[in-house]
Amino acid sequence: MTITPERTDNDVTQELRLVTDVPGPRSQALLARKTDAVSAGVGVTLPVFITRAGGGILVDVDDNHLIDFGSGIAVTTVGNGNPEVVAGVTKQISEFTHTCFMVTPYEGYVQVCEALNRLTPGDHEKRSALFNSGAEAIENAVKIARCYTGRQAVVVLEHGYHGRTNLTMGMTAKSMPYKHNFGPFAPEIYRVPASYPFRDGPHGGAEVAQWATTRIEKEIGARNVAAIVIEPVQGEGGFIVPAPGYLSAMSEFATANGIVFIADEIQSGFCRTGQWFACEHDGVVPDLITTAKGIAGGMPLAAVTGRAEMMDSVHAGGLGGTYGGNPVACAAALGAISWMEQNDAPALALEVEAVMMPRLKAMAENHPTIGDIRGRGAMIAIELVKPGTMEPDPERAAALNKYCHSHGVVTLTTGTYGNVFRFLPPLTMPKHLLEAGLTILENAFEATA
Ligand SMILES: *Cc1c(COP(=O)(O)O)cnc(C)c1O
């Protein structure tokens, strides 16, 4: 891994250091102000207020140095304060901050689109369009697919997550907290079976795909379907890696029926899984691909990239937005992409996997609550069950999370059943920190047994 204790981004010492309880007194005072000022609907996983971050460490207002196993939900893949991102942003911000690309364009937007067209799977001719958030990219991918096909239905998967706007809430599977009380949702969204190897028993990827495509044919009618939208590794659903054969069967079905196959790589893309894009593990070339999160080192940017004939089927003015492809965010993306290319970021993600997997497997030997260990690269999760059963154990996940937080490791839970513990470290995390975080997790299993 690239960062050593001596060399840190943003001058952050690369060691775990707790000088108060977590959260400390200053964070608690800020949390009280947050409660008075911020909508209660905006929840917080771990209420430590951050003042600085870099490498694999978050520093809070009480000067605690915490190990970051979340990367702001898979966003700071290149690390906080990555020098190339900082240099690009600083230069751009000193030149101009906004013109609106749809009014008077600038080169950075075009450069990001060129990079996306070059890096995404497939050597067909491509075009891209830039937006601000993942949900907005998904909304636009659906717009493009509907416009191109002249069809309306959108097929999504069980356990899928696509965002919090009205359309993307409807496309998301999980009710609480994402959809509860927020309906009605957009029409013409259909959910079909996803491959979930841990819970599918003997049924392999091709068989589950068969259930899904039969459902599409019988209940929707393949000719009515504009798009099938799939996360190649499901994120909020619980880091579910589909069984071999599932993605390729779904993609082939889409192609055979004139359906646009959309890979939502918002969480799994940009080197997170040990490939530039997770669908490459399955050799699948999507028609459209949505990206966000890891694309711009923490600046808000998202994109839809895909086949030129699909992307160009939309009338001029049909896509866009005031801020989409903001020049500062584009400069950040160009810095992040350059760093990923120069540092072979997919290999760094595989190094994370090589450290984590054996440690987690050793923990599973001693702790039968670990029902499954899965994921790819630096996108790894464990699913917790009541020992000897398939019954989810979200209470254990919550207890482990609490232990890790109070011992200075920023961890996240996820999953349809809330029983998945997920790891998304930045690729700039030094190995000794990764190991230290895993040791605390190991202690957490002992302490919560
Ligand atoms: C986070 C996420 C989204 C939504 O992105 P936002 O930027 O939060 O709108 C969509 N799809 C997937 C797979 C995600 O992980």
Side-chain angles (χ1 to χ4, degrees), residues 41-45 70-77 120 129-143 145 154-174 177-179 182 185-186 189 191 194 196 227-242 247 261-273 277-279 281 284 286 288-305 321 323-326 329 332-333 336 375-381 412-416 420 422-424:
V42 183
V44 164
T45 301
S71 298
I73 316 188
V75 169
T76 52
T77 304
T120 50
L130 305 183
F131 305 97
N132 302 295
S133 69
E136 217 188 327
I138 293 285
E139 293 252 0
N140 280 280
V142 169
K143 279 166 65 173
V154 175
V155 170
V156 291
L157 298 189
E158 292 167 347
H159 312 289
Y161 180 86
H162 301 290
R164 295 172 179 268
T165 58
N166 184 269
L167 175 64
T168 59
M169 263 195 296
M171 293 169 67
T172 290
K174 196 174 176 179
Y178 305 122
K179 304 165 78 166
F182 296 148
F185 304 112
I189 298 165
R191 199 169 304 286
Y196 193 158
I228 300 176
V229 188
I230 294 184
E231 298 158 80
V233 175
Q234 291 190 305
E236 305 304 298
F239 285 18
I240 305 165
V241 182
L247 282 183
F261 185 80
I262 302 175
D264 178 352
E265 293 258 15
I266 288 166
Q267 191 157 166
S268 58
F270 277 100
C271 309
R272 191 36 70 186
T273 67
F277 298 95
C279 57
H281 292 283
V284 165
L288 301 181
I289 181 164
T290 55
T291 50
K293 292 200 165 96
I295 190 177
M299 294 297 285
L301 189 71
V304 182
T305 300
Y323 296 111
N326 166 273
R376 296 187 192 280
M379 186 174 182
I380 306 269
L412 303 169
T413 58
T414 187
T416 297
V420 175
R422 62 169 155 174
F423 309 99
L424 291 163

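One-based numbering along the sequence shown. FYI, side chains are in, hydrogens and waters are out, and symmetry mates aren't considered; it's all heavy atoms of this structure. Computed from a prediction, not measured in an experiment: that's the story for all the values here. Remember, it's 1-based here, ligands and their atoms both numbered in the order they're listed.
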Worksheet entry | Nearest-neighbour protein heavy atom for atom 14 (C) of ligand 1, which is reported as residue plus atom name and distance | K293 NZ, 3.0 Å
Item to complete: Find all atoms of ligand 1 within a distance of less than 4.0 Å from any non-hydrogen atom belonging to A135, and give their numbers and elements.
Response: 4 (C), 5 (O), 6 (P), 9 (O)
Worksheet item: Strictly under 6.0 Å, is that where the ring centroids of F131 and Y323 end up?
Response: no
Worksheet item: Non-hydrogen atoms of R164 versus ligand 1: any pair closer than 4.0 Å?
Response: no
Worksheet item: Can you find an N or O of Q267 that's nearer than 3.5 Å to an N or O of ligand 1?
Response: yes
Practice prompt. Tell me, please, whether F185 has K179 positioned over its six-membered ring: NZ or CZ under 6.0 Å from the ring centre and within 45 degrees of its axis?
Written response: yes
Discussion item. Counting the benzene-type ring for Trp, do F277 and F270 have ring centres under 6.0 Å apart?
Written reply: yes
Discussion item. Return the closest protein heavy atom for atom 11 (N) of ligand 1 as residue, atom name and distance.
Written reply: D264 OD2, 2.7 Å
Worksheet, complete the sentence: Closest to atom 7 (O) of ligand 1 among protein heavy atoms sits G134 N, 2.7 Å
Item to complete: Can you sort out which atoms of ligand 1 are near E231, meaning under 4.0 Å from one of its heavy atoms?
Response: 13 (C)
Worksheet entry | CD-OG1 distance between E265 and T291, expressed to the nearest 0.5 angstrom | 9.0 Å
Worksheet item: Hey, what do you get for CE (M299) to CG (N326), rounding to the nearest 0.5 Å?
Response: 6.5 Å
Fill in: ligand 1 atoms in contact with S133 (distance to a heavy atom under 4.0 Å)
7 (O), 9 (O)
Item to complete: Could you say whether the N/O atoms of I138 and ligand 1 ever approach to under 3.5 Å?
Response: no
Practice prompt. In plain terms, say whether E236 and R422 are close enough for a salt bridge, that is, a side-chain N and a carboxylate O under 4.0 Å apart.
Written response: yes
Worksheet entry | Gap separating the NZ atom of K293 from the OG atom of S71, nearest 0.5 angstrom | 12.0 Å
